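A quick write-up on the structure given underneath.
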Amino acid sequence: MTAPHPDGDRAGRDPNRPRIPLICPRCGHEQRVVPGGPERAVRVVHLGTGREACEPGDLALAPDDGD
């Protein structure tokens with residue numbers, strides 16, 4: 001068992017704390033986490049489509065990382 005954090009539990013429960021967006025590393029669009037359950041795994045989906053996969057047009061417009 002671990003000791004409690006000195007500032008209390010800060011796992012995103014403070015409504016005044018700014019939310020850090022989850023950005024897709026492949027297409028650059030915002031994503032969100034869909035909670036799982038006993039029969040489902042946790043998924044990360046795109047906000048605009050609700051799908052895990054990037055849209056083909058988005059991948060064509062993705063910035064080049066210089067490699």
Side-chain angles (χ1 to χ4, degrees):
M1 186 158 152
T2 61
H5 193 278
D7 292 332
D9 187 7
R10 292 193 172 231
R13 292 186 177 93
D14 183 357
N16 297 322
R17 192 173 182 183
R19 186 174 77 83
I20 300 172
L22 181 62
I23 304 297
C24 177
R26 290 174 37 209
C27 70
H29 286 202
E30 192 170 355
Q31 297 178 307
R32 67 181 176 97
V33 175
V34 177
E39 302 295 321
R40 293 187 327 198
V42 173
R43 297 180 350 173
V44 178
V45 299
H46 288 79
L47 281 181
T49 63
R51 296 177 37 201
E52 290 182 66
C54 300
E55 291 294 313
D58 292 341
L59 291 175
L61 299 174
D64 186 12
D65 63 1
D67 291 339

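Nothing here was measured: the structure is a model prediction, and the numbers come from that model. Starting from 1, each residue takes its place in the sequence as its number.
- Here Val34 is tied into one hydrophobic group with Val45, each link being a pair of ILVMFWY side chains closer than 4.5 Å.
- Note that the CD1 atom of Ile23 and the NE2 atom of His29 stand 9.5 Å from one another [nearest 0.5 Å].
- Here the side chain of Arg40 pairs a donor or acceptor atom with the backbone of Pro35 at under 3.5 angstrom.
- Residues Val44 and Val42 fall within the same hydrophobic cluster, defined by Ile, Leu, Val, Met, Phe, Trp and Tyr side chains chained together at heavy-atom separations under 4.5 Å.
- When all heavy atoms of His46 and Cys27 are compared, the pair lying nearest together is NE2-SG, 3.3 Å.
- With Cys24 as the partner, the side-chain contact (heavy atoms from CB on, under 4.5 Å) test is satisfied by one option alone out of Gln31, Glu52, Glu30: Gln31.
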